[in-house]
Amino acid sequence: MSSESNPLTDRPDLSFAAAGVDALLMQFGQTMDPCLPGFLAQLRQRILSELGDVVHEVVPAYSSLLVYYEPRAVRTFDLEQALEQLSNDVPWLCSPWSTDDNAPGQLVEVPVCYDPRCAPDLDAVMALTKLSAENIIALHKGRDYQVYALGFAPGFAYLGALDEQLQLPRMKNPRTHVPAGAVGIAGQQTAVYPLESPGGWHLIGASPFVWFRADKDPMTPVQVGDRIRFYSIDFDTYESLRAEHDGKQAGIKK
Amino acid sequence: MTGFRVLKGGILTLVQDTGRLGFQHLGVTRGGPLDARSAYWANRLLDNEPNAAVLEITAGGLEMEAQTQTMVAIAGGDLNLTINGEPQVPWRSFWVRQGDRLKFGTPRYGFRAYLAVSGGFLTEPVLGSRATVVRDRLGGVHGNGRPVQEDDYLPCKHLSEEGISRQIPQNYLPQLGKQITLHLLPGYQQQAFSKAAWKQVFQQEFTLSNDSNRMGARLTGEPIPVPDQEFLSEGVSYGAVQVPASGQPIIMLDDRQTLGGYPKLGNILPLDGFQLAQCAPGAKIRFKPIHLAEAQQQMRRYLRFFGL
């Protein structure tokens, strides 16, 4: 633990926004700061343990916490004060995340099939980025990603940061059906859709990895703060791993 | 085990309770009845716990046979329920005997009916809840998120004695119309939207799209000017009105994803969301602003009424 870190020096400023009658959004800037996941995980625990009588749930994301509270037990203004106090109490201990294998959090390797049959948006991404398919694949699997948040669907892990050359805006019209296993990119983020769902990300591959099981403890094989490395598999391997699945944790190398 | 045998699952019939709490940080959706007020009414007519599991019957088509005797209650949209071919008055509780056939037709008014049974439907809970969330593959009759279908068995208690049939007082019946106004509580990225965008939100009439579902109510209208800015994904709360690049708003409902990154105007008042749940596609929708204090006061009144 570094003793010289000043809790407020580098930490992005906190702002609040209403998120309905019983939720408050705590926003720490709008950048994908690799120091935030650890800080937010700690702050989340503090909020749940110290304000548990008025706060039901706290949902972390890249740079925010969504705090669900009981408006009949606390005034919104008072809750904001208490949350601000707690966020100043949690130390900002930033050790910038590196690709070093000794970095904190486990490294989880995830297989991806980048075959065109698995990648419905590869052509569109090639056109938008002016990159070849080989370059797109090399850039996507060429770095380790940090798990910034779990959400959107059970076990959906938001990963970052994507190489700048692959950063594209979300699709204008979200798809109503994205197949399970689809590997998407959007902005600075990449992720694998664990289940069929709607979605607005560009799909450049597919993975047979299982991200969530309600009957397992822990239910998700990766946690916020872990790292993920993609490796490519061919279409046949993808098909057989998918078939083998049937609820098993196929293709995980830890 | 006593219960009901399903003869036809209908268009979309789901077991629902108040939902799966405490797992949103892992991406697990809460679920729950879209028109929670009607679900609470159905349970209240039977003196059930508010959290007792009910059936949410969307647009009708459900047919089932009682394999026990019990009290049931029906609230929400009027889907032309008949018992052994006899039309039933909605918004009341009644006695069913072994062999009785309950059949839901097409909507007369409203879009979703709630059927409660004495003691609730006793399906197996998953992560502490019986709520069916299709997109999470959790809950429901088989625990895997599948909607109710033919040959399913819906377990419930057997009642030895007939209870008193009760009806909801006329003045508590909801207004179920083809035009509704949703109170919007500004929040989230409210300041990222231009003045022109806000003007448009409150002036134009939107249409509820066919693509709407339990995840989100999709509206169509003149596109709303969208902020020229990308936002990082963040927690999405009930009723959040997100505006993707198409400029067509989506109101996030009970089966919404836990996180999302489209810019959001704020949230609708949940009480209005219950009304929205009773609208069929094609309904006309308007927005009207509301302040947090007023919105919270209205919610307090509602929660107190149902003893929540």
Side-chain angles (χ1 to χ4, degrees), chain A residues 17-25 27 29-32 44 56-68 71-72 76 148-158 160 167 169-174 176 186-189 194-200 211-212 214-215 218-220 224, chain B residues 21-30 126-127 133 135-138 143 145 185-191 211 213 215-216 229-240 244-248 250 257-262 264 266-271 292-293 295-296 298-300 303-304:
Chain A
V21 288
D22 58 0
L24 265 179
L25 185 71
Q27 185 80 54
Q30 267 293 341
T31 49
M32 249 171 74
R44 175 175 181 273
H56 305 304
E57 261 188 83
V58 182
V59 184
Y62 290 96
S63 64
S64 64
L65 293 177
L66 181 64
V67 179
Y68 287 92
R72 291 178 291 178
T76 310
Y148 274 92
L150 295 173
F152 176 74
F156 185 105
Y158 285 82
Q167 295 182 12
R170 290 179 181 81
M171 294 167 71
K172 248 190 151 77
N173 279 302
T176 46
Q188 305 176 70
Q189 317 166 82
L195 296 169
E196 186 196 299
S197 62
W211 298 87
F212 177 84
D215 57 351
M219 291 185 269
T220 54
V224 171
Chain B
L21 308 176
F23 301 104
Q24 288 190 69
H25 65 289
L26 300 178
V28 177
T29 294
R30 176 175 166 165
V126 180
L127 301 179
V133 179
R135 56 184 292 273
D136 281 4
R137 312 284 193 274
L138 295 175
L185 184 68
Y188 275 109
Q189 289 86 27
Q190 60 173 109
Q191 70 283 23
D211 294 337
N213 51 35
M215 199 178 151
Q229 196 185 342
E230 282 275 310
F231 295 95
L232 292 170
S233 293
E234 75 221 336
V236 179
S237 54
Y238 176 88
S246 65
Q248 308 292 339
I250 305 172
Q257 63 267 34
T258 54
L259 303 183
Y262 290 112
K264 300 168 196 70
N267 299 67
I268 63 161
L269 180 69
L271 295 167
L292 181 60
Q296 287 181 333
Q298 289 199 32
M299 288 309 291
R300 266 200 299 277
L303 293 168
R304 199 186 306 132

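Chain naming here is simple, since letters A, B, ... match the order of the sequence lines and numbering starts at 1 in each. Since we're looking at a predicted model, the values are computed, not measured.
For A/Ala23, the part lying near chain B is the side chain, with the backbone staying farther off; criterion is any non-hydrogen pair under 4.5 Å. In this structure, chain B has a heavy atom under 4.5 Å from the side chain of A/Thr76, while its backbone stays farther away. Interface residue B/Leu138: only side-chain heavy atoms are found under 4.5 Å from chain A. Using a 4.5 Å cut-off between heavy atoms, B/Ala240 does not touch chain A at all. Both the backbone and the side chain of B/Leu26 come within contact range of chain A, each with at least one heavy atom under 4.5 Å from a heavy atom of that chain. Residue B/Pro270 touches chain A through its side chain alone, counting heavy-atom pairs closer than 4.5 Å. There is no contact between B/Val133 and chain A, counting heavy-atom distances below 4.5 Å. Residue B/Leu292 touches chain A through its side chain alone, counting heavy-atom pairs closer than 4.5 Å.
Using a cutoff of 4.0 Å between basic side-chain nitrogens and carboxylate oxygens, B/Glu230 and A/Arg170 are scored as salt-bridged.
Contact count against chain B (heavy-atom pairs under 4.5 Å) is highest for A/Pro169 among A/Pro169, A/Gly187, A/Ala186, A/Ala149. For the set A/Ala17, A/Gly151, A/Ser63, the entry with the most heavy-atom pairs within less than 4.5 Å of chain B is A/Gly151.
Applying the ring-ring contact (aromatic ring centres under 6.0 Å, His included) test to A/Tyr158 and every residue at least two apart in sequence or in another chain returns A/Tyr62, A/Phe156, A/Trp201. Checked against side-chain contact (heavy atoms from CB on, under 4.5 Å), B/Leu271 has the following partners two or more places apart in sequence or in another chain: B/Arg37, B/Leu269, B/Phe274, B/Gln298, B/Met299, B/Tyr302.
The shortest side-chain heavy-atom distance between B/Glu234 and A/Leu66 does not fall under the 4.5 Å cut-off.
Here B/Leu21 contributes atom CG and A/Glu57 contributes atom CD; the two are 6.5 Å apart, rounded to the nearest 0.5 Å.
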